[in-house]
Amino acid sequence: MSSTKKVKKVTTHVLHEMKLRKEKISMLTAYDYSMARILDTAEIDVILVGDSASNVMAGNETTLPITLDEMIYHAKSVVKAVKRAFVAIDLPFGSYQGNSKEALMSAIRIMKETGGHAVKIEGGSEVEESVKRILSAGIPVMGHLGLTPQSIHKFGTYVVRATEDDEANKLIEDAHLLEKAGCCVLVLEKVPAKLAGRIAEELTIPVIGIGAGKYVDGQVLVLHDMLGITQDFSPRFLRRYHNLYEEILGSVQSYIQDVKNEDFPNENEQY
Ligand code: KIV
């Protein structure tokens with residue numbers, strides 16, 4: 001008897017159905033094969049190959065320096081590990097802002113070279129034409145509004161967005177515009193919970209929050225933050241499920257000690 005179990009893949013259609021039946025969508029970032037394999041085995045619904053790779057993998061202060069080639073490298077590794085999850089990949093800063101043709105060409109490279117299932121793009125009305133053009137090539141697009149880290153130098157700070165009426169109204173307008181343009185999912189980052197809830201209720205596409213409260217259709221966190229690998233990032237919205245930094249540090253210290261004391265390898269660990 002074969003032990004291969006038929007896997008029901010998560011698709012845009014499945015995500016839409018989950019919203020309809022009010023089943024919350026789980027999403028985490030991943031940037032490499034080994035982590036993506038664990039996430040997929042755990043049955044995460046969506047894996048985001050986020051441009052947060054720029055921070056947690058490459059050590060940059062912002063997401064701006066990461067390149068399209070680097071995003072493709074990370075995404076390729078993730079896709080190889082995934083059997084079930086829906087994999088979305090960030091279009092990095094500088095790969096789509098020029099014009100809609102540039103956006104389309106970047107999205108095509110990502111889809112062709114990685115085997116991922118969708119691209120994510122930051123912004124509202126200013127990226128409408130690009131969203132439509134990417135969609136015209138049959139590529140699903142995830143929107144991203146609220147705190148959009150690629151615009152951090154315009155905001156000047158990582159504080160919660162859309163607390164004032166003007167910005168909240170623009171956010172609501174942009175959310176509707178992205179849905180109308182054809183986005184399959186909308187990510188809302190660091191906005192008031194009630195505002196995010198209102199948007200999730202008004203839209204028919206799933207709204208996934210990070211620091212956007214509990215009234216949305218799903219949640220996303222950066223993997224390195226929720227596992228406690230990163231230490232110096234502690235916003236209110238972050239729940240740490242582990243302190244992997246301490247665990248890894250302790251293991252590495254034990255190994256160093258064992259090597260120095262000639263405790264490793266022992267008789268059974270050699271040929
Ligand atoms: O790059 C990323 O990790 C993201 C999430 C924070 C949504 O865009």
Side-chain angles (χ1 to χ4, degrees), residues 15 24-32 35-36 39 44-68 70-75 77-78 85-97 106-107 110 114 116-124 127 131 140-152 155 158-162 171 174-175 178 183-191 196 199-200 205-213 216-227 229-230 233-240:
L15 295 173
K24 298 281 184 183
I25 296 166
S26 61
M27 171 161 149
L28 281 171
T29 64
Y31 320 98
D32 68 271
M35 288 292 185
L39 266 52
I44 195 82
D45 297 313
V46 183
I47 294 180
L48 172 67
V49 185
D51 58 359
S52 49
S54 178
N55 309 104
V56 299
M57 300 302 287
N60 295 312
E61 210 167 292
T62 71
T63 58
L64 276 66
I66 200 161
T67 64
L68 185 57
E70 287 165 339
M71 288 302 297
I72 288 172
Y73 166 79
H74 288 295
S77 316
V78 166
F86 185 77
V87 180
I89 299 140
D90 264 333
L91 279 176
F93 179 70
S95 72
Y96 63 93
Q97 287 90 348
S106 300
I110 285 187
T114 73
H117 309 131
V119 296
K120 179 162 80 58
I121 186 165
E122 294 186 6
V127 296
V131 170
V141 181
M142 243 184 219
H144 183 156
L145 294 171
L147 178 66
T148 44
Q150 292 177 14
S151 305
I152 190 56
F155 297 142
Y158 284 97
V159 294
V160 62
R161 305 305 315 172
L171 186 72
D174 276 342
L178 289 175
C183 281
C184 59
V185 168
L186 175 65
V187 170
L188 285 182
E189 181 164 352
K190 223 169 172 187
V191 297
I199 292 170
I205 58 171
V207 174
I208 300 186
I210 172 164
V216 287
D217 305 306
Q219 299 293 329
V220 54
L221 285 174
V222 169
L223 185 67
H224 289 57
D225 296 336
M226 63 82 80
L227 291 179
I229 298 174
T230 48
F233 181 67
S234 292
R236 187 210 295 210
F237 69 76
L238 174 61
R239 184 178 293 181
R240 283 194 206 285

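All ligand and atom numbering here is 1-based and tracks the order in the structure. These figures come from a predicted structure and were not determined experimentally. Hydrogens, waters and symmetry mates play no part in the numbers below; they use all other heavy atoms, side chains included.
Counting only heavy atoms from C-beta outward, the side chains of M57 and H224 approach each other to under 4.5 Å. Proximity of S54 to E70: side-chain heavy atoms (C-beta onward) are nowhere separated by under 4.5 Å.
Side chains of R161 and T148: a donor-acceptor N/O pair is absent below 3.5 angstrom, by distance only.
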Which protein N or O atoms sit under 3.5 Å from any N or O of ligand 1? Give atom names and distances.
residue: ligand 1; atom: 1 (O); partner: D51; partner atom: N; Å: 3.1
residue: ligand 1; atom: 1 (O); partner: D51; partner atom: OD1; Å: 3.0
residue: ligand 1; atom: 1 (O); partner: S52; partner atom: N; Å: 3.1
residue: ligand 1; atom: 1 (O); partner: S52; partner atom: OG; Å: 3.3
residue: ligand 1; atom: 1 (O); partner: D90; partner atom: OD2; Å: 3.1
residue: ligand 1; atom: 3 (O); partner: S52; partner atom: OG; Å: 2.5
residue: ligand 1; atom: 8 (O); partner: K120; partner atom: NZ; Å: 2.9

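Using a distance-only test at 3.5 Å, with no hydrogens or angles considered, a donor-acceptor pair links the side chain of D217 to the main chain of V207. Judged by distance alone, the side chain of N55 and the main-chain N or O of N60 form a donor-acceptor pair under 3.5 Å.
Listed by chain and residue number, nothing satisfies the salt bridge (charged side-chain N to carboxylate O under 4.0 Å, His left out) test with D225 (two or more places apart in sequence, or in another chain).
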